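Just so we're clear, the structure is a prediction, and the values are computed from it rather than from any experiment. In what follows, residues are counted from 1 in the order of the sequence shown. Counting convention: from 1, in listed order, for ligands and their atoms alike.
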Amino acid sequence: MTKPIVVIGSYNTDMVVQAPRIPTPGETILGGTFSMVAGGKGANQAVAAARCGGAVSFIARLGDDMFGHQAIAGLKADSIDTSHVACLPDVASGTALITVSEDGENAITVASGANALLMPDAIETADSMIAEAAIVLTQLETPLETISALVDRCAAHGVPLVLNPAPALPLNEAIFSRVAVLTPNESEAELLSGVPVTDLESAKRAGEVILAKGVKTLIITMGGDGALLFEDGSPTMVPSFTVDPVDTTGAGDTFNGALCVAISEGKSWAEAVTFANAAAAHSVTVLGAQPSAPRRADVDAMVQTHTA
Ligand code: RIB
């Protein structure tokens with residue numbers, strides 16, 4: 001039987017407005033179309049992994065409200081195991097307000113709601129599932145004490161943990177040597193290293209500082225340029241794919257979900273990062289976080305454009 005990819009994290013319903021640009025503080029601008037779509041970094045990663053062919057189990061907390069019930073239906077439609085997704089009373093499901101500019105950039109404000117109630121007991125309850133996982137993936141949109149409990153359980157079971165340190169938050173130094181793969185973007189790498197990341201050379205310097213904390217494999221995602229892979233300590237830039245961006249929301253999440261599928265299939269690091277780059281590049285061509293997560297055939301076809 002295929003071992004599952006276990007994703008622990010947030011689910012948000014995203015309220016998205018496309019606008020000419022992102023407003024500055026105090027400014028009102030007239031935007032374009034409004035859309036309400038499924039999002040949340042954890043759920044986006046779970047959906048991306050499932051659409052890339054992974055057998056995915058998701059651990060999350062929702063409110064017992066319309067958004068929570070829609071969330072479960074959506075996850076099930078993507079064949080994700082939701083036996084550890086609970087709808088809690090007296091709390092709202094997570095929501096995010098997102099402005100997407102004409103050049104595809106975004107600004108996001110999250111109301112965590114039930115995501116803030118994903119506590120360590122959720123990890124204890126799912127312990128046997130975590131023990132059986134091929135790989136575990138998480139991010140930082142749920143309480144840090146739960147991430148710490150997860151780090152402990154993955155270490156105890158010898159299951160590799162991929163930590164996407166998003167959104168950027170300072171981390172307990174003890175965590176670094178206990179994750180198998182760390183996947184910050186440029187601003188997260190800057191926060192974790194203290195090195196301003198402005199280009200490839202500064203990303204390499206930031207990476208060296210993070211590696212010195214004990215991280216085994218580090219991948220710094222660099223948007224449309226690709227991802228800087230540190231394998232056995234040495235950096236390689238794995239280039240991305242050229243696309244016309246419509247909306248970059250969730251591209252990092254798609255990268256992480258796809259990466260876990262590729263790792264669990266035994267691809268080499270360079271192949272896995274190329275696969276994840278292709279998935280992320282495909283996702284930015286479509287509006288919305290989960291609506292943009294590509295299917296396996298689309299990712300494979302994009303990878304072929306590099307190797308053809
Ligand atoms: O990474 C994108 C996600 O961040 C959005 O879907 C939003 O919900 C926030 O969690």
Check: Glu190 side chain, Val197 main-chain N or O, donor-acceptor pair, under 3.5 Å: yes
Atoms of ligand 1 under 4.0 Å from any heavy atom of Glu141, numbered from 1 in the order shown, are 4 (O), 9 (C), 10 (O)
Report yes or no: does a heavy atom of Gly252 sit under 4.0 Å from some atom of ligand 1? no
Would you say Lys41 has any N or O atom under 3.5 Å from an N or O of ligand 1, going by distance alone? yes
Min heavy-atom dist Gly40 to ligand 1 below 4.0 Å: yes
Can you measure from CG (Leu62) to OG1 (Thr82) and round to the nearest 0.5 angstrom? 9.5 Å
Minimum heavy-atom distance between Leu169 and Leu140, given as atom pair plus value: CD1-O, 3.8 Å
When you measure from the side chain of Ser93 to the backbone of Phe67, do you find a donor-acceptor pair of N or O atoms at a distance under 3.5 Å? no
Which residue holds the protein heavy atom closest to atom 3 (C) of ligand 1, what is that atom called, and what is the gap in Å? Asn44 ND2, 3.7 Å
Do you know which two heavy atoms are closest between Ile175 and Ser148, and how far apart they sit? CD1-OG, 4.3 Å
With a 4.0 Å cut-off, would you call Arg296 and Glu265 a salt bridge? yes
Those atoms of ligand 1 less than 4.0 Å from some heavy atom in Ala289: 6 (O)
Which atoms from ligand 1 have a heavy atom of Asp253 less than 4.0 Å away? 1 (O), 2 (C), 3 (C)
Ligand-residue contact atoms, ligand 1 with Ala96, heavy atoms, under 4.0 Å: 7 (C), 8 (O)
From Ile8 atom CD1 to Thr138 atom OG1, the distance as rounded to the nearest 0.5 Å: 5.5 Å
Return the closest protein heavy atom for atom 6 (O) of ligand 1 as residue, atom name and distance. Asp14 OD2, 2.6 Å
Rounded distance (nearest 0.5 Å) linking atom CG of Leu182 with atom CG of Leu171: 7.5 Å
Numbered atoms and elements of ligand 1 in range of Asn12, under 4.0 angstrom, heavy atoms: 7 (C), 8 (O), 9 (C), 10 (O)
Contact check: Thr249 vs ligand 1, nitrogen or oxygen atoms, below 3.5 angstrom: no
